[in-house]
Amino acid sequence: MIDLLIAGGGPAGLAAAIRAAEAGLEAVVVEPRPAPVDKACGEGIMPGGLAALHALGVHPAGHPLRGIRYTDGLRTAQAPFRGAYGLGVRRTALHTALHERAEALGVRIAEGKVREVRQNGYTVTAGGLTARWLIAADGLHSPLRRALGLDHPVPGPGRYGLRRHYRTAPWSDLVEVHWSPHAEAYVTPVDEHLVGVAVLSRDRRPYADHLAAFPALAARLTGPGTTPVRGAGPLRQRARAPRAGRVLLVGDAAGYTDALTGEGIALAVATASAAVGCLAAGRPEEYPARWRRATRRYRLLTHALLGAAGHPATRPLIVGAAHHAPALFRAAVRALQ
């Protein structure tokens with residue numbers, strides 16, 4: 001019998017499959033889309049996320065990132081990472097590297113989609129396959145989270161993300177975060193001739209309208225975008241619990257706050273590793289507590305920054321505060337790395 005069935009072949013699902021194979025478990029990933037899979041994301045991997053990928057034996061190609069810069073057009077603040085680099089990586093390049101590593105370890109990847117789950121005290125059946133355990137890694141709007149009754153309503157308007165790429169040489173080895181009254185634009189170099197520009201906002205406007213709110217940035221992006229605009233959202237998602245019987249939720253499926261801090265990949269690997277570690281040790285009941293520990297810092301910091309960014313009175317002060325208190329800004333960046 002299969003030890004571990006994994007619904008979803010994105011970064012969290014493939015990280016779980018790699019960890020399972022390393023632990024001597026038979027893992028099967030069920031994913032409806034052919035590799036490589038693209039997705040709207042900022043594509044900047046923080047140093048902690050890059051270290052987590054390297055620990056999996058995954059070494060994607062990309063553009064080194066030295067730190068983060070905030071700007072609102074008038075003031076600027078920047079902070080280098082401490083002792084390590086991040087990496088700007090095309091989502092397709094990241095997925096290819098994870099996919100190849102999983103296949104090299106003998107992970108079977110089956111085409112299909114998991115819509116329903118049947119479980120008893122010993123097995124779980126989904127997608128026409130039966131296994132001892134199921135990991136739900138089916139993304140932000142996880143159908144399995146909903147099918148298991150684990151969706152938790154989120155009050156208030158959600159934030160949305162839009163991303164496209166521009167064929168231009170990067171002008172910095174920093175992730176630039178441009179702030180306007182209603183949105184942020186994240187500029188990430190992903191190779192020597194390409195930058196990605198992702199916009200996060202509660203306002204659902206066309207990408208071009210958002211970009212017009214950042215005239216200094218728009219002036220650098222000469223020519224049309226080289227990839228289509230991709231979108232995702234609403235970003236804020238909550239789960240009532242990260243486990244239901246023989247099903248463990250990892251990555252975005254287990255809940256997500258916002259992309260503002262750029263920790264998505266680190267969280268995907270951390271929660272996937274925690275889930276597989278609990279199963280390999282025969283202690284699945286410990287996973288909810290391990291999930292809370294693995295995500296606590298991200299949840300607290302992201303909630304705090306998102307609260308400031310979402311309030312009309314405090315949002316305009318963020319870049320100014322970072323500019324006038326550079327030591328505090330450096331400390332915040334290093335806490336996130």
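Relative ring orientation between F329 and Y70 is described as tilted, the plane-to-plane angle lying within the 30° to 60° band.
Heavy-atom neighbours of R167 CZ from other residues, nucleotides or ligands within 6.0 Å: above the threshold of 12. For E192, the CD atom is loosely surrounded, since the number of other residues' heavy atoms within 6.0 Å does not exceed 12. Other residues, nucleotides and ligands contribute at most 12 non-hydrogen atoms within 6.0 Å of the NE2 atom of H193. Within a 6.0 Å sphere centred on CZ of R240, heavy atoms belonging to other residues, nucleotides or ligands number more than 12. Counting non-hydrogen atoms of other residues, nucleotides and ligands closer than 6.0 Å to NE2 of H311 gives a total of 12 or fewer.
E184 has its side chain within reach of R159: a pair of non-hydrogen atoms, C-beta onward, lies under 4.5 Å apart. Under the 4.5 Å side-chain criterion, counting only non-hydrogen atoms from C-beta, Y160 is not in contact with V199. The side-chain heavy atoms of T125 and L5, taken from C-beta on, include no pair separated by under 4.5 Å. Contact annotation: the side chain of R292 approaches that of R299 to within less than 4.5 Å [non-hydrogen atoms, C-beta and beyond]. A 4.5 Å side-chain heavy-atom check between H141 and P234 finds at least one atom pair inside the cut-off. Considering only heavy atoms from C-beta on, P80 comes within 4.5 Å of R330 through its side chain.
Note that CG of L248 is 8.5 Å distant from CG of L134, once rounded to the nearest 0.5 Å. Within the model, atoms CZ of R243 and CD of E286 stand 10.5 Å from one another, a figure rounded to the nearest 0.5 Å. The OG atom of S201 lies 11.0 Å from the CG atom of D209; values are rounded to the nearest 0.5 Å.
Nearest heavy-atom pair, P206 versus L162, reported as atom, atom and distance to 0.1 Å: C-CD1, 4.5 Å. Heavy atoms only, all atoms of each residue included: A102 and L14 are closest at CB-CD2, 4.2 Å. Closest approach of K39 to R163, counting heavy atoms only: O-NH1, 2.6 Å.
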Worked verdict on L221 versus V195 for side chain to side chain contact (heavy atoms under 4.5 Å, CB included) | CA-CA 9 Å; L221 303 173; V195 298; 4.2 Å; yes

Decide yes or no on side chain to side chain contact (heavy atoms under 4.5 Å, CB included) for R90 and D191, but give the supporting numbers first.
-> CA-CA 8 Å; R90 278 296 310 270; D191 70 29; 5.8 Å; no

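Of the N and O atoms on the side chains of T261 and T302, at least one donor lies less than 3.5 Å from an acceptor on the other residue.
In this structure, K113 does not pair ionically with D138, as no charged nitrogen and carboxylate oxygen lie closer than 4.0 Å.
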